[in-house]
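I have placed the structure first, in the form of C-alpha cells, so that the comments after it can refer back to it.
Small disclaimer: the values here were computed from a predicted structure and weren't measured. In what follows, every chain begins at residue 1, and chains take the letters A, B, ... in the order their sequences are listed. We use all heavy atoms of the structure for the numbers below, so side chains are in, but hydrogens, waters and symmetry mates are not.
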Amino acid sequence: MALTPVITAHWDEPDCFTVDGYKKVGGYRAIKKALKMDPDDVINIIKDSGLRGRGGAGFPTGMKWSFVPQNDGHPHYLTVNGDESEPGACKDIPIMMANPQALIEGIIITCWAIRAEHAFVYIRGEVPEPIRRMHAAVADAEAHGFLGENILGSGMNLKLTVTSGAGAYICGEETALLDSLEGRRGQPRLKPPFPAVAGLYSAPTVINNVETITSVPYIIENGVSWYRSMGTDKSPGFKVWAVSGHVNRPGIYEAPLGITMGELLDYAGGIRDGHELKFWLPGGSSVPLLLQDHLDTPMTYEDIAAAGSMLGTGTPMLFDDTTSVVKAITRWLEFYKHESCGKCTPCREGTAWITGSLERFQEGVGRSEDIEGLVELSNHILGRSFCALGDAAATPYEPALKAFRSEFEAARHQPVDEAFPPAATMIIPPETANLAGAAT
Amino acid sequence: MTAQAEGEAADTDLVHAFIDGQPVSVPKGTLIIRAAEQVGVEIPRFCDHPLLDPVAACRQCLVEVEGMPKPQPACALYVSEDMKVKTQDTSTEAEVAQKGVMEFLLANHPLDCPVCDKGGECPLQNQAMTAGRTTSRYTLPKRTFPKPINVSAQVLLDRERCVNCQRCTRFADEIAGDPLIDLMERGAEQQIGIGEEPFDSYFSGNTIQICPVGALTSADYRFKARPFDLVSVPTTCEHCASGCATRTDWRHESVERRYAWEDPAVNEDWNCDKGRFAFKYLSENRLTTPLVREDGQLRKASWPEALRIVAARLAQAGSRSAVVTGGRLSLEDAYAYGRFARTDLGTDNIDFRTRPTSQEEQDFLASRVAGTAGPTYADLEAAPTVLLVGFEPEEESPIVYLRLRKAVRKHGMRVFSIAPFASEGLEKLSGELLATVPGSEAATLRSLPDDVAKELRADGAMILVGERLAQSQGGLSAAVALSEQTGASLAWIPRRAGERGSLDAGAISGLLPGGRPITDAAARQEVAKVWGIEALPETPGLNLAGIIAAIAADEAGAAAAEDSEEEYERSIEALILAGVDVSDVAEPAALQRAIDDAPFVVALDIRPTEVTAAADVVFPVATVAEKSGTFVDWEGRRRPFAITFPETQMFSDATVLSLIADNLDHDPAPRNVPALRAEIEALGAWAGERPDVPQVPAPPASPAGDNQTAVLATWRLLLDLGVTQEGAPYLAATRRPSVARISAATAAGLGIGEGDPVRVGSQTGSITLPVAVTEMPDGIVWVPTNSPDSRVTESLGVGAGATVSLSRPTDLTEGA
C-alpha cells in the first residue's frame, strides 16, 4: 500500500510551521469553507468521514462532538490532548513541531462545530520544544487574524490557550487532564457525568487528540469521499504511523489505515541487518504484543483487535531477537508503577507488586509461583481499576508469558542481562573501548 | 424537603431492581450499595460514605451488574429500572474481584492490629475477615513510613495503615470546607498530607471517626484503651445548642473518648472538635462534698449539716430570694430550679441568662420562642435563603454551620450575614456580608437591600438570630418585624446547650414552664395544679440585671439605715447560683459585687469557681456524665441523654433542690428525671395568648470611631478559654490565634500594619493583640471574647457596640 502524506506532506519545507508556510501549501482554506457552514453540518461531515480518535481508544470523533448539548447557556470548551507520554508513541509531538498551523486550523473548525469560544492545547510537560513551538504558532495565527475576535468576519471568537502538564502520564487520561488543567491534582474523574456534559469547569467539553484535530481541516477541504477513499469502511482515512525499535529506518510514515505492519516494516527498511523480528506492538506499550505471524494483519482498529491486540496510538514498536521479553515487560511495568496516580487500589498496589516481582525475574531470582501468579494479579487489576491506566499495566504480562514462557522460566535462575547482553540490543551500542576504559 | 414532599417522591420516582435475586424498590438516584443495604446485603467498602460524594477509589465494593462487561463499583453506580445486581453473595466474579482488592489493600498494610487504636472496631479488620485470605502472598518488602506524623496537634497520621480511601480529605473539603489535608505524591507513594498549614479544622475529629483503618488517631486517645474494654453510652453534647447526638465511651469511671453518633435529623454523622475532645473537665478539679462557711472560711460539711443551714436561711428569706442558673443546665434541672423558686421560695426572681442580655430579649423570648417548636434542621437545609444576624454559625453552633454548608453546596442556598466583617465561616458558606457596625444591626435589618428582602420572601427563607443580637438595641424587634414582613421564619440560636431548655422550663422571671406568662391567671392555674400549690407569684420577678441592681440598692439602703440606726428590709436576702461563671456576664465586677454583698449565697457547681469561693454554702452537683437528662436544641427538639457513670455518688441539681425542700418541710418535690419529665410532659406548651413582641426602635446611628477610638465587635470563638475545655491541651493547640481585626484605613490611621500589636482599651483595662487587617468598615475593632490574651468582659468590662480606645502599645510606653 502506498504512503499517503497529508499531515506530513510538507514537513521538509523550512517554514512548514508558520502561517505563511502553511498557507503556501493550501493551509487555512478549510476554515473559510467551514465558517460559512452550519456548525451541525461540520459535525455531520466529520461523522460521515468516519474519523476515529487517534489517542488510542478510536472513538468516532463526529459522534463525540454531537454529544455536546447545544443552546444550553453554558460555555463550551475544546481541549486538545497533547500529553503524549505513552512509551513508544511519538507522533503528536512531531505534528505540533512540524505542522502546528494545521492543528490550529483544526481547532478553529472544531470550535465552530461545537460552539466553543475557548480552546486549550495541553502539552506534556517534559517536552519544552513543542510547547515553545505551539506558543509561537498561536501568536503567529493571532497575528494573521485566525484567532481572536470575529475570525475572518464570521462573527466567531476564539481564544486558544497553550498549557502544559507537570510530568504525569495520567494527565493524558481525559478527565485527569481536565483536573490538571483546572489546577488540581491530576487524577481521573468519576464518569458520568462525561466531559461532553460536564467537563472543564463543569461545562460541556470535547477532548480530542492532536492528530485527530489535525486531520479535520484536510477532511473539510477535500471532502468525505476523498477521506473515505483511504482506509477501510470501519477505519477510514490516513494515519501517522511512528515506527520505532530494531528497524533500519525508524521514523514517521503516513499511510492509510489498513496498511500491514509488514508493509510499514518495508518502508522502515526492515529489521536491522542480521537479526529477526521477535515481537512487536501496534500502538504503544499498553497493547498486547504480536508476533511475526501478525505482520500481514491490516492495521485497522477491528483487524488488530481480532488479532488479540489493539491499534492504540498507531505507533508500532518492533523488537528483534536480541531483546529479553522479560526485561521489556519489566521496563513497561516500572513505567506504569511510576505513573500510577494512586487513586484506586488495584492500580496503585497492583503495579507496585507486579513490578517488584518482575524485577526479581530480571535479576535471575524469579519465583516459580509468580509465573502464573502474575497472571492472576494482572487479572485483579484488569477491568477493576478506576481508569485505563490500570488496564494498560495489566495487559503486557500474559501475552508475553504465553509467547515466551521459557524466558520467564530461565529467569528464575539466570539474570536476563546474561542471556540477553544489553549492548547487543542497543541500536547504537556504547563502544567496547569505552566500556573497557570505564572498567579499568 | 418536608416529609410530605419525600412521600410524594417515593410514590412517583421509584425504580425497581434485583439484588442477588431479591426485588428492591428505591427512589431514583439511589446507589447500588445503599439499595443493597435495604435488602440486608452488605457490600464491603472503604471509600464509600453516605454523606460524601462517591469516588469509587478503593474498588472494594465491586459487584456484577448484568449487561455490563466489567465489575462495577456499587458505591458509584445508581440503580436503574430492571437492573440485576449480583454481589459477592451470588456472583463469583464479584467475590473474586473483592478478594483481589482486599489482597492488594493488605499487601502493604502493617497488620499491626494488636497495637492499633482501631483494632476491634476496624472496617479493614472486619472486612479482611470476610473478603480476605488467611495468609499473604506478598513477599516483597513492605512500604514503610515513619510512624505517626501530626497533621494537627490533635490528629495523628500513620501512613502505613492508610488505604488512601480519601474519606478524610473529602470530609475536610466537602463537609467542613477546610481542605487542609490532601493527597500527595502518587502511585504506591501516595499519601495524605498537609501543606504549610496544619489541619486545624473545627471538625477534624470526624476524620478520625470515619477513617476505616487506624491511619488517623487522636493525640488524646492514642493507646488509651481497646474498644471492647469500653462501655458506650448514648449521650447528647453539652457544649452548645446544636444538640449533637454523641456516644461517650468510658471505663474505670473515666470518659476515654467521645464520638459523634448518627442522627440524620440533627447532626447527621458529625460533631465538632469541642464536642469530641472537651470532656476532661468532667473528672478534673471537682467539688466532692458540701462546703459551709465558718469563721470566714469554707470547710467541708456533711450533706445533712449543709442542707440544714441552707433550709434555715432560705426559710427566713422566703420570697426575698433570687436564683441565677447559668446556661448549662439540663431541661429537668432548670425546671427544678424554676419550680423551687416559685413553690419553695415563693419568688419569681430567676434568670438563666448569665451573658449580655436585655429586657428586649426577654420580651422576645417570651413572645416568640419559649415553649414553641421552631424551624428545624430540615427546614434549614431546604431554605433557599438564610439571613444571619449577630450569629457566626461556625463559632457558635457548628452543626448549624455544617447544615448551611451542605445546603449551599447541594442546592445553592444563599447566605447573607449582618456582621462587621465576612468571617472565615461566612466565606466557606459563600456568604454575602451586609457590613454593619455593632449596635446598628436594627438599622441594617430595617433597611435591607431590595434584593435581600426579596430573597427573604421566598418560600422557606429563614432568619437566624444569635444570642448576641440581644446586645444590639432594637435588633430583635427589627428581626421580628422583618420576619413578619417577609414571611421568613425566625429562629433564635443560643450558644449554650442549656439555654433553650431553661427558657422552656421557665427558669426566667415572668415565664412559667412551656412559655406560660406568669401574668396570665389561666397559665398560673395550670402550673399551680401540677405543682400542687395554691398560688404562684402574680407579677414578674427580677431578672439578672434586676437582681444585681436590687442587691446594690439593698447594700446602699442598709448602709444608710446603719447610719440612721433604722431597720432596713432587704429585697434580696438569699442568692442561689447554679453553674454561674462570673466572667460570662457583660459586667463581671457588678455581679461579683452582688455575690459579695448578698447576705446569704448558696452555690451549686461541679467545680470550685470564683462563685463557690464567695458562697456561704456550696453543694457539689453531678456533671452530665453523672446524671441523665435532656437538652433542648435550638430547634426546640428534646435531646435526652443517659447517665454515663451509673455508680456515681453525685446528686443532680434537681435532687439537691428536692433535699432542700425536704429540709424546709415542704411537700416533696420531684427528685429524679422520670418524675421531672412526667411533670414537664403533663404541663406541655402554653396554648394561650402570648405576650406582645418587643417593638424597640433602632437607636440613632452611633458615630463610628476615629483614629483614637473604635466601636467594639466581639464574639466567642468555638475553641477558647471556656471552662469546659480545660484539660484538653491538644484541642487547645488547634484554637484559632487571637487577633484584633481592624480595617486597612483604621490600621493606617494608627500607623500599624498586619501583625503589629494594637491596644484596645476601656476604663477598666486593655487588651493587646496582633492586628489582622480585615476588609471591614473603618472605626471598628473586633477581638475574640474569651481567648488567650483577650478576655473582653474581664479586661474591658464592656460588650459589643461599646466605644473603646485604640492605640499603638509603644505610644503608651512613650507617654508613660
Side-chain angles (χ1 to χ4, degrees), chain A residues 166-171 176 179 184-192 334-360 365-367 369-370 372-374 376-391 393-394, chain B residues 45-47 53-64 68-73 75-78 93-94 96-109 124 136-143 162-166 169 173 179 182-193:
Chain A
Y169 174 64
I170 189 61
C171 292
D179 264 17
R184 297 163 197 275
R185 177 182 173 81
Q187 287 198 330
R189 295 178 180 176
L190 197 60
K191 291 185 274 195
E334 281 170 344
F335 170 81
Y336 292 115
K337 175 197 168 191
H338 182 252
E339 296 296 343
S340 171
C341 80
K343 179 166 186 157
C344 74
T345 308
C347 177
R348 179 181 70 239
E349 303 295 338
T351 53
W353 188 340
I354 295 176
T355 304
S357 302
L358 282 174
E359 281 167 348
R360 286 178 170 162
V365 290
R367 297 164 78 247
E369 55 268 45
D370 280 345
E372 288 303 328
L374 293 185
E376 193 190 334
L377 283 184
S378 298
N379 288 332
H380 280 321
I381 305 175
L382 193 69
R384 293 169 195 173
S385 59
F386 190 94
C387 77
L389 196 158
D391 292 340
Chain B
R45 80 287 303 262
F46 294 104
C47 67
D53 295 344
V55 283
C58 78
R59 318 302 284 181
Q60 187 60 57
C61 68
L62 292 173
V63 293
E64 186 184 335
M68 297 207 177
K70 305 191 285 191
Q72 297 293 315
C75 73
L77 193 65
Y78 295 100
E93 185 189 10
V96 168
Q98 290 177 11
K99 287 196 163 159
V101 172
M102 179 57 73
E103 185 169 23
F104 283 142
L105 283 174
L106 293 178
N108 278 291
H109 189 81
L124 179 60
S136 176
R137 294 189 293 180
Y138 186 76
T139 55
L140 294 160
K142 289 211 183 208
R143 187 165 61 224
C162 178
V163 292
N164 286 287
C165 72
Q166 308 171 46
T169 56
D173 181 25
D182 206 346
L183 295 171
M184 330 200 97
E185 305 297 334
R186 71 183 184 204
E189 295 300 314
Q190 183 178 257
Q191 55 193 271
I192 304 296

* Is any side-chain heavy atom of R348(A) less than 4.5 Å from a side-chain heavy atom of I381(A)? -> no
* Asked: Do E334(A) and L358(A) come close enough that some side-chain heavy atom pair is under 4.5 Å?
  -> no
* Asked: Can you tell me how far OH of Y169(A) sits from SG of C341(A), rounded to the nearest 0.5 angstrom?
  -> 12.0 Å
* Asked: Where on L377(A) is there a heavy atom nearer than 4.5 Å to chain B: the side chain, the backbone, both, or neither?
  -> both
* Partner set under salt bridge (Lys or Arg N to Asp or Glu O under 4.0 Å) for R186(B), not counting sequence neighbours -> E339(A)
* **Segment of L183(B) engaging chain A (4.5 angstrom heavy-atom cut-off)** => both
* Heavy-atom proximity to chain B below 4.5 Å, by part of T351(A) -> neither
* Please state whether the side chain, the backbone, both or neither of P54(B) comes within less than 4.5 Å of a heavy atom of chain A. => both
* Sort R384(A) into side chain, backbone, both or neither according to what part of it lies under 4.5 angstrom from a heavy atom of chain B. => both
* **Neighbour count >12 (heavy atoms, 6.0 Å) for atom CZ, R184(A)** => no
* Asked: Would you say the side-chain atoms of D391(A) pair up with the backbone N or O of G383(A), donor to acceptor, closer than 3.5 Å?
  -> yes
* To do: Would you mind telling me which of H338(A), E349(A), Q187(A) has the largest number of heavy-atom pairs within less than 4.5 Å of chain B?
  => E349(A)
* Top residue by heavy-atom pair count (under 4.5 Å) with chain A, among Q72(B), Q60(B), R143(B)? -> R143(B)
* Option in A352(A), P188(A), P192(A), P346(A) with maximal non-hydrogen atom pairs under 4.5 Å from chain B -> P346(A)
* Structure fact -> By salt bridge (Lys or Arg N to Asp or Glu O under 4.0 Å), D53(B) pairs with (sequence neighbours left out) R409(B), K410(B)
* Asked: For E369(A), is it the side chain, the backbone, both or neither that has a heavy atom under 4.5 Å from a heavy atom of chain B?
  -> neither
* Asked: Is it the backbone or the side chain of L140(B) that comes under 4.5 Å from a heavy atom of chain A, or both, or neither?
  -> both
* Salt bridge between E359(A) and K337(A), side-chain N to carboxylate O under 4.0 Å? -> no
* Tell me, for R360(A) versus chain B, whether the close heavy atoms (under 4.5 Å) come from the side chain, the backbone, both or neither. => side chain
* Top of K99(B), Q191(B), M184(B) for chain A proximity - count of heavy-atom pairs under 4.5 angstrom -> M184(B)
